[in-house]
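Step one of this worksheet: look at the structure below.
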Amino acid sequence: MEKNTQCKPAEPKWIREGAHLLREGKLVVFPTETVYGIGANGLEPEAVKSIFVAKGRPQDNPLILHVASVDQIASLVREFPLEAQKLAEAFWPGPLTLILPKSDAVPFETSGGLDTVALRIPSHPVALQLLKEADLPVAAPSANRSGSPSPTNAEHVWEDLRGRVDLILDGGATQIGIESTVLSLVGTVPTILRPGAITAADLEPIIGEVALGSGVLSPLEETEPSLSPGTKYRHYAPKAQVFLVHGTGEKYAEFVNGKREENIWAMGFEEDLSLLKIPTVSYGREDDFPEQATKIFALLRELDHRGAGEIYIHAPKTTGDGLAIYNRLLRASAFQEIYV
Ligand code: TXA
Ligand code: MG
């Protein structure tokens with residue numbers, strides 16, 4: 001059933017209305033410092049189910065519970081180990097999601113049937129205020145239709161979810177642009193299930209060695225039990241065919257300049273622009289990962305609007321700060337990589 005979606009500026013009056021709607025079991029989209037989230041009461045199975053319907057998301061893909069303060073977490077987990085406490089102190093509020101053993105208070109609808117729960121305190125002032133006023137753990141995946149790029153502004157949300165949610169709080173463009181780092185604290189070694197702005201190098205001084213989940217750089221097999229079910233679906237994908245091209249600026253330019261078909265686009269670094277002779281967009285300087293993070297999802301949407309048939313992206317660095325960008329672009333390209 002089509003909803004009468006309201007899109008309002010994220011001012012105190014509308015944040016209050018959003019909190020009220022969340023308490024009534026409704027769907028409210030709000031900005032976080034990473035991407036926009038589509039929120040519902042995370043302890044209410046019916047409200048949580050409506051998120052999956054609005055997004056068209058597979059039901060076994062678990063959601064992150066967002067809270068305003070660490071005190072709210074005690075009732076949601078079976079244990080809150082010392083590592084989690086240290087990480088909370090260092091990085092919350094902020095773009096880090098922790099996976100811990102869930103308590104019975106968290107419904108299986110929220111955890112996608114898993115015995116664990118994902119938790120995060122976002123730092124965006126609108127998100128924090130909304131969570132405080134709602135006084136509930138809010139389940140919130142990225143506010144895009146399942147499979148399309150995550151939304152970094154309210155126009156993206158409107159495009160994907162108009163008629164499917166009750167309220168969109170417009171807080172302008174998000175600051176980081178890619179989703180939070182997801183870190184599992186359930187196994188023997190803390191494991192990054194989804195890389196983000198907070199990297200292994202940021203985490204290791206606080207909790208020691210961190211492992212990289214097998215889904216970060218490869219598609220998980222259908223049959224492989226997935227630690228982070230979100231990683232097994234094709235993600236962030238525009239309608240165009242996307243290819244990730246590894247090589248120097250010169251080799252990349254030589255390769256894409258040889259393409260003569262229509263509707264072919266290059267998505268390269270700022271430094272590549274002068275070398276490229278086909279339609280091109282830049283996703284930032286080669287070494288500026290924060291800038292790249294703010295641009296990649298919006299550019300993939302924009303190229304869809306421009307009717308791109310094929311997009312050749314100059315691959316970023318695949319390690320360190322580049323890993324999170326590489327991970328998103330790998331998924332957008334459905335793992336189609338070219339080495340030149
Ligand atoms: O930055 C973000 O994290 C944004 C904003 C809105 O907070 N949210 C977000 O949610 O990206 P979503 O649902 O699009 O991605 C959550 C990821 C998925 O890959 C999911 O599979 C994983 O976290 N996840 C959630 N709960 C999990 C659990 N219990 N165990 C393992 N992975 C989990
Ligand atoms: Mg998502």
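Side-chain atoms of Arg145 do not come within 3.5 Å of backbone N or O of Gly56 as any donor-acceptor pair. Checking side-chain atoms of Arg23 against main-chain N and O of Asn41 turns up no donor-acceptor pair under 3.5 Å. Formation of a donor-acceptor pair under 3.5 Å by the Lys8 side chain with backbone atoms of Ile168 is not found in this model. Between the side chain of Glu179 and the backbone N or O of Gly196, no donor-acceptor pair lies under 3.5 Å. Under the 3.5 Å distance criterion, the side-chain polar atoms of Gln292 are matched with a main-chain donor or acceptor of Glu286.
Smallest separation of non-hydrogen atoms from Ser103 and Ser75: OG-O, 2.6 Å. Across every non-hydrogen atom of Ala54 and Leu27, the tightest pair is CB-CD1, 3.8 Å. Nearest heavy-atom pair across Leu185 and Pro190 is CD2-CB, 3.8 Å. Of all non-hydrogen atoms in Asp160 and Ser148, the two that sit nearest each other are OD2-OG, 2.8 Å. Here the shortest heavy-atom pairing between Thr152 and Ala298 reads OG1-CB, 4.2 Å. Contact record, Asn153 with Glu155: OD1-N, 3.0 Å, taken as the closest heavy-atom pair.
Interatomic distance, CD of Glu33 versus NE2 of His124, reported as 8.0 Å (0.5 Å rounding). Distance check: Ile313 CD1 to His246 NE2 gives 10.5 Å after rounding to the nearest 0.5 Å. For the atom pair CG (Asn257) and CD1 (Ile264), the distance works out to 11.5 Å, reported to the nearest 0.5 Å. Of the inter-residue distances, the one linking Ser50 atom OG with Glu109 atom CD reads 11.5 Å to the nearest 0.5 angstrom. From Arg16, atom CZ reaches atom CD of Glu11 across 11.0 Å, with rounding to the nearest 0.5 Å. Here CE of Met267 is found 6.5 Å from CD1 of Ile296. Values are rounded to the nearest 0.5 Å.
Between Leu217 and Leu323 there is a side-chain heavy-atom pair separated by less than 4.5 Å. The side-chain heavy atoms of Arg120 and Thr32, taken from C-beta on, include a pair separated by under 4.5 Å. Within the 4.5 Å cutoff, side-chain heavy atoms of Glu24 are placed close to those of His20.
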Full working for side-chain hydrogen bond (donor to acceptor under 3.5 Å, both in side chains) between Glu17 and Gln6
CA-CA 11 Å; Glu17 171 68 8; Gln6 301 201 79; 5.0 Å; no
In sequence, state the C-alpha distance, the side-chain angles, and the governing distance for Trp158 and Thr5, and then conclude on side-chain contact (heavy atoms from CB on, under 4.5 Å).
CA-CA 9 Å; Trp158 182 252; Thr5 304; 3.9 Å; yes
Go through Val216 and Leu330 one step at a time and tell me if the side-chain contact (heavy atoms from CB on, under 4.5 Å) criterion holds.
CA-CA 9 Å; Val216 170; Leu330 253 183; over 6 Å; no
Please assess Asp202 against Thr181 for the test side-chain contact (heavy atoms from CB on, under 4.5 Å), listing each intermediate value before the final yes or no.
CA-CA 11 Å; Asp202 297 323; Thr181 303; over 6 Å; no
Would you sort out whether Leu22 and Leu130 count as a side-chain contact (heavy atoms from CB on, under 4.5 Å), showing the intermediate values?
CA-CA 9 Å; Leu22 286 172; Leu130 179 72; 3.9 Å; yes
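Residues Leu63 and Val117 are members of separate hydrophobic clusters, defined by side-chain heavy-atom contacts under 4.5 angstrom among Ile, Leu, Val, Met, Phe, Trp and Tyr. Cluster annotation: Leu98 and Ile176 are assigned to the same hydrophobic cluster (Ile/Leu/Val/Met/Phe/Trp/Tyr, side-chain heavy-atom contacts under 4.5 Å, transitive). The hydrophobic cluster containing Leu87 also contains Leu212, counting ILVMFWY residues as joined when their side-chain heavy atoms lie under 4.5 angstrom apart, directly or transitively. Side-chain heavy atoms closer than 4.5 Å link hydrophobic residues (I, L, V, M, F, W, Y) into clusters, and following such links, possibly through other members, connects Phe335 to Leu329. Under the 4.5 Å side-chain heavy-atom criterion for Ile, Leu, Val, Met, Phe, Trp and Tyr, Val165 and Val53 are members of distinct hydrophobic clusters.
Using bins of under 30°, 30° to 60° and over 60° for the plane-to-plane angle, the ring pair His314/Tyr252 lands in the parallel bin. Between Trp92 and Phe80, the ring planes are parallel. Angles under 30° get that label, and only those over 60° would be called perpendicular.
Counting non-hydrogen atoms of other residues, nucleotides and ligands closer than 6.0 Å to CD of Glu133 gives a total above 12.
Between Glu83 and Lys86, none of the side-chain N atoms (NZ, or NE/NH1/NH2) sits under 4.0 Å from a carboxylate O, so this pair counts as no salt bridge. With salt bridges taken as basic N to acidic carboxylate O contacts below 4.0 Å, none links Glu302 and Lys295. Between Lys259 and Glu310 no salt bridge is recorded (no basic side-chain N to carboxylate O distance below 4.0 Å).
Aromatic ring centroids of Phe30 and Tyr36 lie 6.0 Å or more apart.
Figure legend: Lys251 and Tyr339 shown without cation-pi pairing, the cationic atom not lying both under 6.0 angstrom from the six-membered ring centre and within 45 degrees of its axis.
Using modelled atom types and a 3.5 Å distance limit, the side chains of Ser180 and Thr97 yield a donor-acceptor pair.
Residue Tyr283 forms a ring-ring contact (aromatic ring centres under 6.0 Å, His included) with just one option from Phe297, Phe289, Trp265, Phe269, and that option is Phe269.
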